[in-house]
Amino acid sequence: MRTLIHNAEIVNEGRRFPGALVIDGERIAEVIEGKPKTLNFDLSTSNCIDAEGALLLPGIIDTHVHFREPGLTHKADIAHESRAALAGGVTSTMDMPNVNPPTTTPERWQERMALGQRESRVNYAYYMGVQTLGQTVPWHRSPLKLFMGSSTGNMLVDKPADLLRVFRMAAANPALPIVTHCEDTPRITERMAEAKQLWGDDPAVEHHPWIRDAEACLRSSSLAVTLARETGARLHIAHITTEQELTLLDNEQVTGEVCVGHLLFCDEDYARLGTRIKCNPAIKSRRDRDALRRALADGRLLTVATDHAPHLLSEKSGGCARAASGMPMVQFSLVAMLGMVSEGVLTVERLVDAMCHQPARLFGIRERGFLRPGYKADLVLVRPEEWTLRRGDILSKCGWSPLEGETLRWRVEQTFLNGRLAYQQGRIDDSVRGQALTLGT
Ligand code: DOR
Ligand code: ZN
């Protein structure tokens, strides 16, 4: 079956142009600039989609999600979160290892791949977690995720000898970067003790960026860069939140990810949104947020991901000590980022670069992330339209979003997954399953 999408405004590889695209089976057959003149196209055996007024982009690749399965499925699960992803124009996800049991052995990794194959409505990959006590096995099939700061789950590695070993192991696999969570735990512990003295046992969430502060980020990120330089490992620092850390990136050996929440919000939003926007590393000052936006726009920050980290609202009660850290975002990341395009924060070409092309390049994802003949047909059609996000729109299992009540300027109209129309205007084709991503190519 062939499908023609025509009259679209295509955004791909640094350009924006009116054009058409032909899907044949699960792959892109042609990308046509302008109006197709001589179409080798039999309308009796083909679908034809008139995309007048819509943008056609490669499907989003979200390289940082927590879908919580196995073990934490009261918060989220692969079926719910991947459906939310699909509705948001996200066609591939890379899922983090802090589940229960944590993904720290080849056997557990294989089990998760089997879960993904059965449940995931989008294409999937799983990180290999680095275990405490330095027990990690050498592993080449997926990138390593290293928690150099403690967060949700118990996966902290911070002894210098262990860290050196992990970076050496990462260096032995030049096809993939190691991805790190960088926050200095001794600094955070010290600040938390001080905060409790000042503000009581469970300080209000406004103090979260004071406890998990810029200094904690900079110390840990600097150490990660030193280890990368010492060992030769490629390093991708996850969720960069501060202006100071930007100077550490060289976009060759050391690259940086920024997350949608850290681009949308700043510390002024704690008063309105409370613990809903509590996450680690913390959302910091307006100055930091604006520096992140500029660095994204000019390419110093290479990729945008969500750190989609759902918790139940009941788990978000309390303050800095008690409330869980993390928020759902995967369903609305593309429309939120398109909103920033409309505001003039970045160009739509750069959005596609940071959310599709660069993730594919960085992790060597085979045949995805670009609109190219022969590549898998992972596509999204988006249209400008004002709408207000209501609870009933949310497909994530946790059932809330920090964006509830916000007016958004874009809508995801259709999502194609491996050539199949898997999402269309609120409806998901539940017969469609994702494919395993091939990384490191
Ligand atoms: O806010 C966060 N939530 N940061 C993390 O590092 C982990 C994540 C989670 O899994 O909840
Ligand atoms: Zn995360």
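One is the number of the first residue; the rest follow in order along the sequence. Note that the structure is predicted; figures quoted are calculated from it, not measured. First listed ligand is number 1; within each ligand, the first listed atom is number 1.
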Please could you name the atoms of ligand 1 that His66 approaches to less than 4.0 Å, counting only its heavy atoms? 8 (C), 10 (O)

If we number the atoms of ligand 1 from 1 as shown, the ones under 4.0 Å from a heavy atom of Ala309 are 3 (N), 8 (C), 9 (C), 11 (O)

Please determine, by modelled atom types, if His66 and Asp307 share a side-chain donor-acceptor pair under 3.5 angstrom. yes

Between Glu315 and Lys75, is there a side-chain N and carboxylate O pair less than 4.0 Å apart? yes

With a 4.0 Å cut-off on heavy atoms, does Lys278 reach ligand 1? no

Between the side chains of Arg168 and Thr231, is a donor N or O closer than 3.5 angstrom to an acceptor N or O? no

Ignoring hydrogens and geometry beyond distance, is a side-chain donor-acceptor pair present between Arg276 and His311 at under 3.5 Å? no

Numbering as shown, the atoms of ligand 1 that approach Asn98 to under 4.0 Å (heavy-atom distance): 9 (C), 10 (O)

With Pro102 as partner, the option from Lys145, Met128, Arg108 fulfilling side chain to side chain contact (heavy atoms under 4.5 Å, CB included) is Arg108

What atoms of ligand 1 come closer than 4.0 angstrom to any heavy atom of Arg68? 9 (C), 10 (O), 11 (O)

Distance only, no hydrogens: is a donor on one side chain within 3.5 Å (strictly under) of an acceptor on the other, for Glu257 and Thr303? no

Output the list of atoms in ligand 1 that are nearer than 4.0 Å to some heavy atom of His311, sorted by atom number. 11 (O)

Of Val65, Asn280, Ile283, the residue with the heavy atom nearest atom 4 (N) of ligand 1 is Asn280

To the nearest 10 degrees, how large is the angle at the Zn ion (ligand 2) between His64 NE2 and His66 NE2? 110°

Enumerated ligand 1 atoms positioned under 4.0 Å from heavy atoms of Cys279: 1 (O)

Near-ring test His308/Phe67, centroid separation under 6.0 angstrom: yes

What N/O/S atom of Asp307 gets nearest to the Zn ion (ligand 2)? OD1

Atom 7 (C) of ligand 1: the protein heavy-atom neighbour that sits closest, reported with distance to 0.1 Å: Ser151 OG, 3.4 Å

In this structure, does ligand 1 have an atom that sits under 4.0 Å from one of the heavy atoms of Met327? no

Heavy-atom nearest neighbour in the protein, as seen from atom 3 (N) of ligand 1, with distance rounded to 0.1 Å: Ser325 O, 2.9 Å

Centroid separation Trp109 to Trp139 less than 6.0 Å: yes

Counting N and O atoms only, with roles assigned by atom type, does the side chain of Arg433 sit under 3.5 Å from a partner on the main chain of Arg118, one being a donor and the other an acceptor? yes

